[in-house]
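Report on the structure given below.
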Amino acid sequence: TLPVLSMENDQGLWTGATLNAPITKKVHTRIYASPRWLDSSTDFSQSILHGLLGYKFNKHFSIWQGYAYSRTYIPGLRREHRPYNDLVYESVFKDLEIESRIRIEERFLEDIKGAGLRIRYKLKGSYPLDKNKKWRVVLFDEIFANCNSQNDGPQAGLDQNRIYVGLNRKINEHFNIDGGYQLQHQHREGKNNDNLNHFVLVNLIFTLPQLVKSTQIPKPQIKTTNN
């Protein structure tokens, strides 16, 4: 007989607000806040605040230095400080927008000695559904892997996988909305201890005008005379 795999299942709601604040054409900042609910969206489970500073080398590659602070309330209160680095590649193939991101995190969990190292890889694609590109379908897959084990903390190996499908609605050049469904598979030690969670995701995205406008220095005009 084949073994029966049993998983804990839950439903929840993840909300978020993202503020993009470009300083120059190459230097960008971002703030992201995300309150999250579990137990069929009835219990407040977690709050996360991110701050990032990024530098764009060109239209394809950028690097980011980020810091996240989270408070998890279920099953008990636990705080986490999480500095991280991102390497992002972006490209457009006709109308298909592709984003590939590698994130390396150092996790400092309350009451756990030392730092946990975690690597995340995310592949995201979006495609317009109308001529004006006001609506886009969005899909992504993100894999999390722990690089080391900690006593009474995360263990080395595959941590979780998130798969998302949703829609993006562009309101104007400064505001758009994401909404969709995310499947989260959390891997746990022991037989049949994995969690399979279903979330509704809603994210409000605000983009401010560039703070420092680029200016072109006029070239000096050289006057010539005919001798």
Side-chain angles (χ1 to χ4, degrees), residues 7-22 28-52 54 56 59-62 64 66 68 70 84 86-103 105 120-144 159-186 195-210:
M7 293 187 182
E8 293 286 338
N9 285 267
D10 204 347
Q11 299 82 39
L13 172 66
W14 285 10
T15 60
T18 301
L19 176 64
N20 296 307
H28 290 241
T29 62
R30 180 179 300 153
I31 297 173
Y32 172 67
S34 178
R36 300 173 178 181
W37 286 262
L38 268 176
D39 297 330
S40 300
S41 304
T42 59
D43 292 335
F44 185 59
S45 62
Q46 190 180 45
S47 61
I48 300 180
L49 180 64
H50 290 256
L52 298 97
K56 293 194 173 186
K59 66 179 181 179
H60 295 300
F61 287 98
S62 62
W64 297 78
S70 73
Y84 57 86
D86 289 347
L87 174 62
V88 180
Y89 172 79
E90 299 173 283
S91 188
V92 179
F93 300 94
K94 294 186 177 180
D95 287 330
L96 176 63
E97 294 184 359
I98 298 292
E99 178 186 299
S100 177
R101 185 192 74 191
I102 297 175
R103 172 172 292 181
E105 302 176 318
R120 299 165 56 167
Y121 175 71
K122 182 178 182 180
L123 181 62
K124 177 181 176 182
S126 70
Y127 192 82
L129 298 177
D130 62 321
K131 293 182 179 180
N132 295 325
K133 299 183 180 180
K134 295 288 187 180
W135 290 93
R136 303 185 72 94
V137 61
V138 181
L139 300 102
F140 73 69
D141 187 9
E142 185 171 16
I143 298 173
F144 299 60
D159 179 51
Q160 62 176 284
N161 187 26
R162 299 176 183 175
I163 299 174
Y164 171 85
V165 57
L167 294 173
N168 174 270
R169 175 66 164 94
K170 182 179 179 181
I171 307 301
N172 54 48
E173 62 178 333
H174 299 297
F175 179 53
N176 60 88
I177 304 172
D178 275 334
Y181 163 78
Q182 177 180 271
L183 175 66
Q184 180 193 43
H185 183 185
Q186 293 179 304
N195 293 338
L196 197 64
N197 299 319
H198 310 269
F199 293 105
V200 173
L201 267 63
V202 179
N203 187 31
L204 308 180
I205 304 167
F206 304 88
T207 301
L208 298 179
Q210 185 175 304

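What you see below is based on every heavy atom in this structure, not just the backbone, and it leaves out hydrogens, waters and symmetry mates.
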Got a second to check how far [X]'s [atom1] is from [Y]'s [atom2], nearest 0.5 Å?
X	Y	atom1	atom2	answer
Arg162	Gln160	CZ	CD	4.5 Å
His198	Ser41	NE2	OG	12.0 Å
Leu201	Asp178	CG	CG	8.5 Å
Lys122	Ile143	NZ	CD1	13.0 Å
Leu129	Arg169	CG	CZ	11.5 Å
Ser45	Arg36	OG	CZ	8.0 Å

Side chain to side chain contact (heavy atoms under 4.5 Å, CB included) between Trp64 and Arg103: does it pass, once the steps are laid out? CA-CA 9 Å; Trp64 297 78; Arg103 172 172 292 181; over 6 Å; no

Measuring only between side-chain heavy atoms, which start at C-beta, is [X] closer than 4.5 Å to [Y]?
X	Y	answer
Ser100	Tyr121	yes
His174	Pro209	yes
Leu139	Tyr127	no
Asp95	Lys133	yes
Leu49	Ile31	yes

Under 3.5 Å, is there a donor-acceptor pair between the side chain of [X] and the main chain of [Y]?
X	Y	answer
Thr207	Asn20	no
Ser70	Ser47	no
Asn197	Gln184	no
Asp10	Asp39	yes

Parallel, tilted or perpendicular: ring planes of Phe206 versus Phe175, cut at 30 and 60 degrees: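 Parallel, since the angle between the ring planes stays under 30°.
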
Using the ring of each side chain (for Trp, its six-membered ring), is His60 parallel, tilted or perpendicular to Tyr89, with breaks at 30° and 60°?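 Geometry flag for Tyr89 against His60: parallel rings.
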
Show the nearest heavy-atom pair for residues [X] and [Y], with the distance to one decimal.
X	Y	answer
Ile171	Lys134	O-NZ, 3.9 Å
Ala17	Asn203	N-OD1, 3.3 Å
Phe199	Leu13	CD2-N, 4.0 Å
Lys124	Val138	CE-CG1, 3.6 Å
Ile98	Gly125	CD1-CA, 4.3 Å
Val92	Glu97	CG2-CG, 4.0 Å

Begin from the C-alpha positions of Gln182 and Phe140 and carry the test side chain to side chain contact (heavy atoms under 4.5 Å, CB included) through to its verdict. CA-CA 9 Å; Gln182 177 180 271; Phe140 73 69; 3.7 Å; yes

